[in-house]
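Comments concern the structure below.
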Amino acid sequence: MATKNKLITKFAAIDLESPDPIPLNKAARIIRSGGLVAFPTETVYGLGADALNPDAVKRIYEAKGRPSDNPLILHVDSTVQAENLVYVNDAAKQLMRRFWPGPLTLVLPARPCVPEITRGGLETAAVRMPRNFIARYLIWTAETPIAAPSANLSGRPSPTDAVSVYYDMNGKIDMIIDGGRVNVGIESTVIDVSNPEHVLLLRPGGTGREEIEEVLNMRLELPDAQSAKRSPGTRYRHYAPAIPVKIWHRESEFPESDYSSAGYMGLHEPPNETGKALIFADYEEYARELFASFRRLEREGYTCIIAEWPEEESGICEGLRDRILRAAMD
Ligand code: AMP
Ligand code: MG
């Protein structure tokens, strides 16, 4: 299964009401034999390989064009499986109990069984138990933790439906499992719990900071320059569509643009009429639709995107602001 030659990518749609185990079992066999399978999680679609097989993990980096020092998250289907991969302290246990399965990734000291390539050469590894049924079934049936970054080409918006995965990955991976639209829409929150006295927020995401702080009864710290280096993913431009993204703060002027060829997204109607306006009911919906809307406005030929800045301090908003800011970076 060489990645250089174009592969035939199998595509299987799964009905979550009555899931057919045959394609899922086939996907698990592909993972076991060192192949690549894209599958839904509750956050975004993941591009999975056997986390303990260095050759398989290498293929993830190749298929995505991902820098090799950007470590992967190991997806598990039980806390016992996590404990076989990393050294779990009390703070991490509390967080697992409260937030797993769910969009919270914990960075902890790695056990020797985790290959260096999966950890991007670091001493730590990142673990998460996804909530999505297909993801968990796959991990359980493959009987191995699954290393999975988002199933997009590096630098592109993360895929939140199987068609977006197909656009980026057809011919590069062995199989895509279509489990419908995701329900969170942005990636997991990543925190470094390796020192329980100083827990670091490495990436805001699907789990709100204040909920985590409540469980730990302490404030999350932001990484200084040194520890930011330890989470290399945060260095790269991410999540960006091919057209420019401009941010609108509601208190400020609407950004300059040729409005008829601009696409807008936000909770409130834009003050100027734009070519298209995608209005969301709440911040959860904004997050769920963000990446798909980036891709859609780009595909429909708009020349720029104007995104309303999410003002709220709680819940998904910190993660949503982070993704919009990164998409708007030059
Ligand atoms: P992605 O797979 O694109 O969702 O990115 C996962 C992110 O998790 C990486 O870009 C890192 O920033 C972070 N991460 C994964 N493993 C580690 C680790 N061992 N130490 C610090 N950060 C990590
Ligand atoms: Mg990603």
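Reckoned from all heavy atoms, side chains included, excluding hydrogens, waters and symmetry mates.
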*So which heavy atom on L320 is nearest to which on L290, and how close?*
CD1-CD2, 4.1 Å

*Hey, does K64 have a side-chain heavy atom less than 4.5 Å from the side chain of S150?*
yes

*In one Ile/Leu/Val/Met/Phe/Trp/Tyr side-chain cluster, 4.5 Å: M265, I243*: yes

*Atom of P157, atom of R295 and distance for their closest heavy-atom approach*: O-NH2, 2.7 Å

*Applying the 4.5 Å side-chain criterion to the ILVMFWY set and letting contacts propagate, would L220 and M218 be lumped into a single cluster?*
yes

*With distance as the sole criterion, is a donor-acceptor pair present between the side chains of E269 and Y264 under 3.5 Å?*
no

List the atom pairs, with distances to 0.1 Å, where a side-chain N or O of residues 175-186 and a protein N or O form a donor-acceptor pair under 3.5 Å, not counting sequence neighbours.
residue, atom, partner, partner atom, Å
D178, OD1, G180, N, 2.9
R181, NH2, E289, OE1, 2.9

*NZ/NE/NH1/NH2 to OD/OE distance under 4.0 Å, R326 and D322*: yes

*Donor-acceptor side-chain pairing of S188 and T43 below 3.5 angstrom*: no

_Min side-chain heavy-atom separation V199-D192 under 4.5 Å_ = no

*Measure the spacing between CZ of F39 and CG of L138 and express it to the nearest 0.5 Å.*
6.0 Å

*Would you find a donor on one side and an acceptor on the other, under 3.5 Å apart, between the side chain of R136 and the backbone of P130?*
yes

*Look at the side chain of R288 and the backbone N and O of T160, then say whether any donor-acceptor pair between them is shorter than 3.5 Å.*
no

*May I ask you to check whether over 12 heavy atoms, not counting those of R219, lie within 6.0 Å of atom CZ?*
no

*Quick one: do L52 and L85 satisfy side-chain contact (heavy atoms from CB on, under 4.5 Å)? Show the steps, please.*
CA-CA 10 Å; L52 303 181; L85 301 168; 4.0 Å; yes

_Is it true that, when you exclude N217 itself, more than 12 heavy atoms of the residues, nucleotides or ligands shown sit nearer than 6.0 Å to its CG?_
no

*Side-chain contact, heavy-atom cut-off 4.5 Å: T274 with F254?*
yes

Considering only distance and modelled atom types, tabulate donor-acceptor pairs under 3.5 Å from the side chains of residues 93-103, sequence neighbours left out.
residue, atom, partner, partner atom, Å
R98, NH2, E211, OE1, 2.9
W100, NE1, L104, O, 3.0

*asked:* If you define the side chain from C-beta out and look only at heavy atoms, does anything of Y137 sit under 4.5 Å from P19?
replied: no

*So, S194 side chain and L108 main chain: donor-acceptor pair closer than 3.5 Å or not?*
no

*Salt bridge or not for E187 and R128, using N-O below 4.0 Å?*
no

*Run the salt-bridge test on E313 and R209 with the 4.0 Å N-O cut-off and return the result as yes or no.*
no

*Quick one: closest heavy-atom pair of P255 and I247, and the distance?*
CG-O, 3.5 Å

*Can you check whether I139 reaches P145 side chain to side chain, under 4.5 Å on heavy atoms?*
no

*Is a donor on one side and an acceptor on the other found under 3.5 Å between the side chain of T303 and the backbone of S261?*
yes

_Are the side chains of R203 and R323 in contact, using a 4.5 Å heavy-atom criterion?_
yes

_Approximate separation, where rounding is to 0.5 Å, of E298 CD and I305 CD1_ = 7.0 Å

_Sidechain-backbone polar pair: D168 side chain, L153 backbone, donor-acceptor under 3.5 Å_ = yes

*asked:* Taking R131's backbone N and O only, do any of them form a donor-acceptor pair with E42's side chain (distance below 3.5 Å, no angle check)?
replied: yes

*Is the backbone of G171 close enough, under 3.5 Å, to the side chain of T9 for a donor and an acceptor to pair up by distance?*
yes

*Between I306 and Y302, is there a shared hydrophobic cluster once you connect ILVMFWY residues whose side-chain heavy atoms come closer than 4.5 Å?*
no

*Look at atom NZ of K246 and say whether more than 12 heavy atoms of other residues, nucleotides or ligands are closer to it than 6.0 Å.*
yes

*Any chance you could measure M169, atom CE, to L7, atom CG, to the nearest 0.5 Å?*
12.0 Å

*Enter the distance from I14:CD1 to I134:CD1 here, rounded to the nearest 0.5 Å.*
5.5 Å

*asked:* I need the minimum non-hydrogen distance between T118 and A51, along with the two atoms involved.
replied: OG1-O, 2.9 Å

*Check the hydrophobic clustering (I, L, V, M, F, W, Y; side-chain heavy atoms under 4.5 Å; chains of links allowed) and say if I316 and L325 are grouped together.*
yes

*Return yes when atom CD of E213 has more than 12 non-hydrogen atoms of other residues, nucleotides or ligands closer than 6.0 Å, and no otherwise.*
yes

*Heavy-atom distance under 4.5 Å between the side chains of R156 and Y167, does that happen here?*
no

_Would a single hydrophobic cluster contain both L297 and F280, if residues Ile, Leu, Val, Met, Phe, Trp and Tyr are joined by side-chain heavy-atom contacts under 4.5 Å?_
yes

*asked:* Is it the case that atom OH in Y166 sees more than 12 heavy atoms from other parts of the structure closer than 6.0 Å?
replied: no

*Between R250 and W309, is a side-chain contact (heavy atoms from CB on, under 4.5 Å) present by the stated rule, with each step listed?*
CA-CA 7 Å; R250 263 188 97 210; W309 186 244; over 6 Å; no

*Step through the shown structure and confirm whether more than 12 heavy atoms of other residues, nucleotides or ligands are within 6.0 Å of CD on E311.*
yes

*Locate the shortest heavy-atom distance separating L106 from V193; write the atom from each residue and the value.*
CD2-CG2, 3.7 Å

*Over 12 non-hydrogen atoms of neighbours within 6.0 angstrom of CD in E273*: no

*How far apart are the closest heavy atoms of P270 and W248, and which atoms are they?*
CA-CZ3, 4.5 Å

*Measuring from N84:CG to S78:OG, what's the distance to the nearest 0.5 Å?*
7.5 Å

*R296: side-chain hydrogen bond (donor to acceptor under 3.5 Å, both in side chains) partners, not counting sequence neighbours*: E300

*asked:* Salt bridge or not between R59 and D174? Use side-chain N to carboxylate O under 4.0 Å.
replied: yes

*Less than 4.5 Å apart, any side-chain heavy atom of V88 and any of T79?*
no

*Distance from Y286 atom OH to S293 atom OG, nearest 0.5 Å?*
8.5 Å

